[in-house]
Amino acid sequence: MKMTRPLRLFIPILAWLLTLAAGMAQAAVGNQITAISVAQGQDDSRVVKLSFKEDLAASPVHFTIANPHRIVLDFPQTANGLGRFGESVSQGVIKSYNVMQSGERTRVVLDLTGPAQYDVRQAGKHVLVAVKGEQVAEGEKAPAHFAPAVPSRGLAVRDVEFKRGKDGEGRIIVTLSEAGVGLDIKEQSRAIVVDFLNTALPASLQRKLDVADFATPVQLVETFTQGKNTRMKVTPGGKWDYSAYQMDNQFILELRNLDNVQAAAVDRPRYSGEKLSLNFQNVDVRAVLQVIADFTGLNIITSDTVSGSLTLRLKDVPWDQALDIILRAKGLDKRVSGNVIWVAPRDELAAKEKLELEAKQQIADLEDMQVDYIRLNYLRADEAQAILNGQSLTKSGPSGQAVSCETTATGIGGTTSAQTTSTGGGSTAQRILSKRGTTSFDLKTNTLFVQDTPSKIREAKSLLETVDVPSKQVMIEARVVIADDNFNRSLGAKLGFKGRTGGPNSTRAGISGSVSDANTGASGTSVSGTTPLNVNLPNSSNGTTGVGGAIGFSIIEAAGNAILNLELQALEADKRGKVLSNPRVITQNQKPAVILQGEEIPYTTVSNSGTQTTFRNAVLCLLVDPQVLNNDNIILDVEVTKDSRGEEAGTAGFAINKKRVKTQVRVKNGETAILGGIFEQTVRNDTNKVPFLGDLPFLGFFFRDSSKIDNKTELLIFLTPRVLDEAILFQ
């Protein structure tokens, strides 16, 4: 391609203009980097020397990145005068360096092959960066060097205190005499060791703090003197992780618990950004925010009122946590919108948001109203109206009004009702609609009519779509078991003797069961007729029918002068039985249901108004009100009764045997719970006897009766709820 004459004349002019523009830019910036070199240092370290055109006013802002390993140095008001943008070094841990200029700021990035210690020093027109690689075993962390050792100038530790964070983390706060104290952190034998270089420790702070009772990962904190340094040894327990940072003259070490999965889930997702290390000494807060913006690639916009400087040291901290630490230290706050972060003082942000909300409220007060209708499928229209108006649904049932099996024997009263109004009402703070919004409904078509602004109508529709869902159905099955085991045994005897002694002309004696019969026999009348009993101790039937087995023995003298009668009786009864009742009922979630079976027993009463007949219920009843929870559990308000006809109490009528339980219980779906039980046992041993004669061996049996009773009755009530996917029939 042949170049034309005008084009050949324009190229030199363009090159001259570019050179002039670069020179003017460098002149406007003021300082520039003139040379970068790498040399061998002490202890197998490498020293990067950066030379500048003019003396530096302050040390550069520098920080490190762990993934990949890099050391970053920022030089404000400085240009790149090297004529190149990078160079491969491959010396020690340093792989290469890159120099990038953006406006009036130049950044130097040292690419490393692995973790390293570094020290930055500034002397006149030169900045020296000493870099030494760390030999770290697999799975361990490299020591964190917050700052290099400085000559002793009265540095000291002022205070050491321990606090428990709101998420269960242990926080150790060390107050230093000034911000320039050198710090080294390392893990040693499952403990964290922090060395404060060239720093004195008062005798009152040389102690051990046992903080195991605070329920944090920290168990023991020891502070003691180690040569010219102060050493703090923190002994944690369980699985843990830590982060460390320094704000001005306060060093903070935080340990988080990793044993508790829930605690780790709460703490970890809060700060999920990539980790970085920062080391700033009295740097403008805007420059620190710019460093974080460059690291994250986000756009950080700062308010004009953001000012001041800070000293900050961080080691392997997520960038979002580092940003929060900086904002808290300077009384700032942030608002995030996409990839833009707006930073301003808290009061300024609060005032601006208040003005925005007031403007939105004024617009809403002037916005046009419209009417819309919402057709509901499962939710009643009056209940939906109550929800939108911030009213409460009232329910009668076991958990609402006082409803029991007795009151529901003639009908169930568990219904749900809601206050209704066409003009809103309810609590203004809880209303979904605006203060101008109104509602009405039609139960025939189950339609809700809403009049409000378009935005509020959309909110109402979204809310009702969430709650207008079919209610879960629950089948509740109860088992009432009544078991009895009765044992009775009774032994007794009847003994009678009647007669007289002596001839007709001699003294006579009569013996009988009574004085009149004895006189009759003594007067000479023959012994005859029914023989009275001298000992009448038969067996006790104990409520049973009959007297059991008996055997009799009689001796009569031929002349009719003597009669001897003996009757032995014995009874033993063993009764065992079980009554099982199994009521079942299906109902919807939070809807009470009842099922009952039994009889009404009439009672006749006489009063001034005449004879009246009343009825009392003796029924088997199951009354439930279920609440299905989201964790597959069911809360049941339940009442179970098992009444039965008892013994007849003369003219007063029959007694009613009552067995019932009323309670609230939480049961898993498909599992069986024992609501309660009653166990009764009656044990009796009774003996009736003739004094002295009843205690005779063998013969005493004819002069006493004995009975033994051992009755057991047990009541158990079981309950099994099941959530149904669809209605089913009992099988």
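By convention here, the first residue in the shown sequence is residue 1.
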Colleague: If you round to the nearest 0.5 Å, how far is CG of L323 from CD1 of I325?
Modeller: 9.5 Å

Colleague: Which residues satisfy the side chain to side chain donor-acceptor pair (under 3.5 Å) test with N582, sequence neighbours excluded?
Modeller: E477

Colleague: Who are the salt bridge (Lys or Arg N to Asp or Glu O under 4.0 Å) partners of K456, not counting sequence neighbours?
Modeller: E459

Colleague: Name all residues meeting the ring-ring contact (aromatic ring centres under 6.0 Å, His included) criterion together with F162; count only those two or more places apart in sequence or in a different chain, and write none if there are none.
Modeller: F214

Colleague: Could you check whether any side-chain heavy atom of E169 comes within less than 4.5 Å of a side-chain heavy atom of T216, counting everything from C-beta outward?
Modeller: no

Colleague: Are side-chain heavy atoms of I635 and Q664 found at a separation under 4.5 Å?
Modeller: yes

Colleague: Quick one: salt bridge (Lys or Arg N to Asp or Glu O under 4.0 Å) partners of E465, sequence neighbours excluded?
Modeller: none

Colleague: Between CG of L580 and CZ of F718, what distance do you get to the nearest 0.5 Å?
Modeller: 9.5 Å

Colleague: So do the side chains of I363 and L366 get within less than 4.5 Å of each other, counting heavy atoms only?
Modeller: no

Colleague: Heavy-atom count around K472 NZ within 6.0 Å, excluding the residue itself: above 12?
Modeller: no

Colleague: Quick check: do D485 and D574 have side-chain heavy atoms less than 4.5 Å from each other?
Modeller: yes

Colleague: Taking only residues at least two apart or on different chains, which pairs with a member in residues 626-635 satisfy salt bridge (charged side-chain N to carboxylate O under 4.0 Å, His left out)?
Modeller: none

Colleague: Sub-3.5 Å donor-acceptor pair from the side chain of N589 to the main-chain atoms of V474, do we have one?
Modeller: no

Colleague: Using atom types as modelled and distance alone, determine if a side-chain donor or acceptor of T447 lies under 3.5 Å from a backbone N or O of L443.
Modeller: no

Colleague: Begin with the C-alpha distance, continue with both residues' side-chain angles, and end with the deciding distance and a verdict on side-chain contact (heavy atoms from CB on, under 4.5 Å) for K163 and I172.
Modeller: CA-CA 6 Å; K163 292 183 179 180; I172 303 154; over 6 Å; no

Colleague: Give me the atom names and distance for the closest heavy-atom approach of A593 to V585.
Modeller: CB-CG2, 4.0 Å

Colleague: Apply salt bridge (Lys or Arg N to Asp or Glu O under 4.0 Å) to K360 and list each qualifying residue two or more places apart in sequence or on a separate chain.
Modeller: none

Colleague: To the nearest 0.5 Å, tell me how far I341 CD1 sits from N299 CG.
Modeller: 9.0 Å

Colleague: Determine the minimum heavy-atom distance between Q321 and V317, stating which atoms define it.
Modeller: OE1-CG1, 3.4 Å

Colleague: Which pair of heavy atoms, one from K233 and one from A191, lies closest together, and at what distance?
Modeller: CE-CB, 3.9 Å

Colleague: Find the distance between CD1 (I192) and CE (M232) and round it off to the nearest 0.5 Å.
Modeller: 8.5 Å

Colleague: Around atom CG of D213, are there more than 12 heavy atoms of other residues, nucleotides or ligands at under 6.0 Å?
Modeller: no

Colleague: I need the full list of side chain to side chain donor-acceptor pair (under 3.5 Å) pairs touching residues 342-352, with sequence neighbours left out, sorted by first then second residue.
Modeller: S303-E348, T305-E348, K352-E356

Colleague: Which distance, rounded to the nearest 0.5 Å, do you find between the CG of N377 and the CG of L379?
Modeller: 10.0 Å

Colleague: Can you name the residues that form a side chain to side chain donor-acceptor pair (under 3.5 Å) with S434, not counting sequence neighbours?
Modeller: D452

Colleague: Using a 6.0 Å cut-off, check whether atom NZ of K659 has over 12 heavy atoms from anything other than its own residue.
Modeller: yes

Colleague: Do I301 and V343 come close enough that some side-chain heavy atom pair is under 4.5 Å?
Modeller: no

Colleague: Test of understanding: with salt bridge (Lys or Arg N to Asp or Glu O under 4.0 Å), list the residues that count as partners of D484, not counting sequence neighbours.
Modeller: none

Colleague: How about CD1 on I678, more than 12 heavy atoms from neighbouring residues, nucleotides or ligands closer than 6.0 Å, or not?
Modeller: no

Colleague: Taking only Lys NZ, Arg NE, NH1 and NH2, and the carboxylate oxygens of Asp or Glu, determine whether K712 and E680 approach each other closer than 4.0 Å.
Modeller: no

Colleague: Check whether any side-chain heavy atom of V723 sits under 4.5 Å from a side-chain heavy atom of I634, and report yes or no.
Modeller: yes

Colleague: V638 and side chain to side chain contact (heavy atoms under 4.5 Å, CB included): which partner among L675, I717, L623, V661?
Modeller: L675

Colleague: Does some side-chain heavy atom of E367 sit less than 4.5 Å from a side-chain heavy atom of P454?
Modeller: yes

Colleague: Are D637 and K662 close enough, and set up right, to give a salt bridge (Lys or Arg N to Asp or Glu O under 4.0 Å), and what steps lead you there?
Modeller: CA-CA 8 Å; D637 288 317; K662 184 175 182 179; over 6 Å; no

Colleague: E353: which residues meet the side chain to side chain donor-acceptor pair (under 3.5 Å) condition with it, sequence neighbours left out?
Modeller: R335

Colleague: How far apart are the closest heavy atoms of G677 and L716, and which atoms are they?
Modeller: CA-CD2, 4.1 Å

Colleague: My understanding is that only residues two or more places apart in sequence, or in another chain, count here; which of them pass side chain to side chain donor-acceptor pair (under 3.5 Å) with D324?
Modeller: Y271, K334

Colleague: Going by heavy atoms in the side chains, are V594 and V624 under 4.5 Å from each other?
Modeller: no

Colleague: Quick one: closest heavy-atom pair of F295 and E274, and the distance?
Modeller: CE2-O, 3.8 Å

Colleague: Does the pair D643/K658 count as a salt bridge with the N-to-O cut at 4.0 Å?
Modeller: no

Colleague: For residues 668-677, pull every pair meeting salt bridge (charged side-chain N to carboxylate O under 4.0 Å, His left out), keeping only residues two or more places apart or in separate chains.
Modeller: none

Colleague: Verify side-chain contact (heavy atoms from CB on, under 4.5 Å) between I656 and N617, making sure each step is shown before the conclusion.
Modeller: CA-CA 9 Å; I656 296 180; N617 297 318; over 6 Å; no

Colleague: Checking side-chain contact (heavy atoms from CB on, under 4.5 Å) for the pair L719/L636: CA distance, chi angles, key distance, verdict?
Modeller: CA-CA 10 Å; L719 195 70; L636 295 170; 3.4 Å; yes

Colleague: Are N389 and T439 linked by a side-chain donor-acceptor pair shorter than 3.5 Å?
Modeller: yes

Colleague: Check G170 against V218 and note the closest heavy-atom contact, atom names and distance.
Modeller: CA-CG2, 4.0 Å

Colleague: Roughly how far, to the nearest 0.5 Å, is CD of E639 from CG of D625?
Modeller: 12.5 Å

Colleague: Distance-only, no hydrogens or angles: does the N446 side chain make a donor-acceptor pair with backbone N or O of L376 under 3.5 Å?
Modeller: yes

Colleague: Just by distance, do the side chain of S462 and the backbone of R458 share a donor-acceptor pair under 3.5 Å?
Modeller: no

Colleague: Where do D241 and L255 land on the side-chain contact (heavy atoms from CB on, under 4.5 Å) test, with the steps shown first?
Modeller: CA-CA 6 Å; D241 191 11; L255 281 83; over 6 Å; no

Colleague: Counting only heavy atoms not in Q597, do more than 12 sit closer than 6.0 Å to its CD atom?
Modeller: no

Colleague: Apply the side chain to side chain contact (heavy atoms under 4.5 Å, CB included) test between T720 and each candidate in R584, R479, M475; give the one that qualifies.
Modeller: R479

